[in-house]
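Comments concern the structure below.
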Amino acid sequence: MQLGIDTPEQMAELGARLAVELRAGDLVALNGELGAGKTTFTRGLGGQLGVRGSVTSPTFVLARTHRRIGDGAPLVHVDAYRLGSAAELDDLDIDWSASIVVVEWAAGMLEGVAEHWIEIDIRRPTGAGVEIGDGDEPVETRLVTITGHGARWHDLRLD
Ligand SMILES: Nc1ncnc2c1ncn2[C@@H]1O[C@H](COP(=O)(O)OP(=O)(O)OP(=O)(O)O)[C@@H](O)[C@H]1O
Ligand SMILES: [Mg+2]
């Protein structure tokens, strides 16, 4: 499934739409270049889950666990940018089956980790016009490709 996402707000809203589908044991793999919108997506996802603490780029810690304000599985937000291998990810001792795990820079890191997962690829289409948004931030359309892997996500639709 492919979607055009025009603004950071829409990106966060897409994360929120996915969040309502998630439960313990689910894994979301985010890929896309620096500044693509992976953390913006995760912020919307965490907001919908009602997690404690703000979801920011976990660059100085490799993984951050956010408990929920209400009941429900915690969100584990991983930044795999500086992880050298899947073995290093394994060293983080994530409780996969009890958590909702979102991994930024997931490509090549998740082989064999889960039987079912959702892959989200965020691209900046070349030649797209850049506009300046309210906060003086550039706003530019992203092309988001969402692929469900495994039987659990066979019929995933977020549009
Ligand atoms: N259509 C859009 N969707 C998402 N973000 C957008 C969009 N247009 C502009 N932006 C801006 O792009 C930036 C995305 O930053 P974000 O931290 O979410 O990216 P990231 O993929 O997590 O980067 P990193 O690889 O450094 O972790 C934000 O400053 C956001 O305002
Ligand atoms: Mg990020």
Side-chain angles (χ1 to χ4, degrees), residues 1-83 89 92 94-107 109-110 113-114 116-124 128 130-149 152-153 155-159:
M1 185 178 76
Q2 282 204 334
L3 295 171
I5 296 293
D6 293 329
T7 64
E9 291 74 24
Q10 280 183 22
M11 187 65 82
E13 206 255 322
L14 182 63
R17 260 187 283 156
L18 177 60
V20 300
E21 310 285 340
L22 299 175
R23 62 179 188 224
D26 286 336
L27 169 63
V28 180
L30 291 172
N31 289 302
E33 63 192 82
L34 278 169
K38 302 180 291 297
T39 301
T40 302
F41 178 94
T42 310
R43 188 175 298 126
L45 188 154
Q48 176 66 40
L49 291 178
V51 300
R52 295 173 196 267
S54 52
V55 175
T56 56
S57 213
T59 300
F60 298 103
V61 288
L62 296 171
R64 185 174 284 138
T65 300
H66 297 268
R67 286 183 301 135
R68 307 272 282 274
I69 290 162
D71 288 339
L75 171 67
V76 177
H77 182 196
V78 182
D79 192 333
Y81 186 66
R82 285 178 300 119
L83 288 180
L89 181 65
L92 297 178
I94 292 166
D95 191 350
W96 300 90
S97 63
S99 313
I100 294 167
V101 182
V102 174
V103 182
E104 297 194 30
W105 298 100
M109 288 290 162
L110 299 175
V113 162
H116 55 81
W117 72 99
I118 296 164
E119 194 179 319
I120 298 189
D121 192 66
I122 308 174
R123 282 178 201 216
R124 305 168 130 163
V130 181
E131 288 179 35
I132 302 302
D134 293 342
D136 286 342
E137 286 272 348
V139 172
E140 183 191 26
T141 297
R142 305 292 198 254
L143 189 62
V144 180
T145 307
I146 302 173
T147 313
H149 295 272
R152 166 148 168 70
W153 300 118
D155 296 322
L156 175 67
R157 293 215 64 87
L158 293 177
D159 50 359

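This structure is a prediction, so every number in the text was calculated from the model and none was measured. Note that these values count all heavy atoms, side chains included, but never hydrogens, waters or copies made by symmetry.
- With rounding to the nearest 0.5 Å, the separation of CG in Asp6 from CZ in Arg142 is 10.5 Å.
- Remark: the backbone N or O of His66 is not paired with any side-chain donor or acceptor of Arg68 at under 3.5 angstrom.
- Scanning all heavy atoms of the two residues, the minimum distance from Ala19 to Leu49 falls at O-CD2, 3.8 Å.
- For the pair Leu92/Val76, no side-chain contact is recorded, criterion being any heavy-atom separation below 4.5 Å from C-beta on.
- In this structure the side chain of His116 never reaches within 4.5 angstrom of the side chain of Leu156, judged on heavy atoms.
- When every heavy atom of Pro8 is checked against every heavy atom of Thr40, the shortest pair comes out as O-CG2, 3.4 Å.
- What you find for Ala98 and Pro74 is that their closest heavy atoms are O-CD, 3.5 Å.
- Of the residues listed (Val20, Leu22, Leu14), the one engaging Leu18 in a side chain to side chain contact (heavy atoms under 4.5 Å, CB included) is Leu22, and it is the only one.
- Under the 4.5 Å side-chain criterion, counting only non-hydrogen atoms from C-beta, Val103 is not in contact with Val113.
- Looking at heavy atoms from C-beta onward, Ile5 lies out of side-chain contact with Phe41 at the 4.5 angstrom threshold.
- Ring planes of Trp117 and His149: parallel class, angle under 30° (limits at 30 and 60°).
- From Thr42, atom OG1 reaches atom CE of Met11 across 10.0 Å, with rounding to the nearest 0.5 Å.
- Lys38 places no side-chain N or O within 3.5 Å of a backbone atom of Trp105 that could act as its donor or acceptor partner.
- Note that OG1 of Thr65 is 9.5 Å distant from CG of Asp95, once rounded to the nearest 0.5 Å.
- The two residues Gln2 and Thr145 make their nearest non-hydrogen contact at NE2-OG1, 3.1 Å.
- A heavy-atom distance below 4.5 Å is found between the side chains of Arg64 and Thr56.
- Evaluation of the side chain to side chain donor-acceptor pair (under 3.5 Å) rule for Arg17 yields Glu13 as partners, not counting sequence neighbours.
- Going from atom CZ of Arg124 over to atom CD of Glu33 covers 5.0 Å, rounded to the nearest 0.5 Å.
- A distance of 10.5 Å separates CG of Leu27 from OG of Ser99, quoted to the nearest 0.5 Å.
- A donor-acceptor contact shorter than 3.5 Å is absent between the side chain of Asn31 and the backbone of Asp121.
- The shortest side-chain heavy-atom distance between Ile146 and Ile118 falls under the 4.5 Å cut-off.
- At a threshold of 4.5 Å between non-hydrogen side-chain atoms, the residues Ile94 and Leu89 count as touching.
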Exercise. Give the C-alpha distance, both sets of side-chain angles, the deciding distance and a yes or no for side-chain contact (heavy atoms from CB on, under 4.5 Å) between Glu119 and Leu110.
Key: CA-CA 11 Å; Glu119 194 179 319; Leu110 299 175; over 6 Å; no

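- Side-chain atoms of Glu21 and Asp26, non-hydrogen and from C-beta on, never get closer than 4.5 Å to each other.
- In this structure, the separation between CD1 on Ile100 and NE2 on His77 is 13.5 Å, given to the nearest 0.5 Å.
- Nearest heavy atoms, Val55 versus Gly46: CG2-CA, 4.3 Å.
- No donor-acceptor distance shorter than 3.5 angstrom exists from the side chain of Arg43 to the backbone of Ser54, with no hydrogens or angles considered.
- A 6.0 Å sphere centred on CZ of Arg152 holds more than 12 heavy atoms belonging to other residues, nucleotides or ligands.
- Around CZ of Arg52, the count of heavy atoms belonging to other residues, nucleotides or ligands within 6.0 Å exceeds 12.
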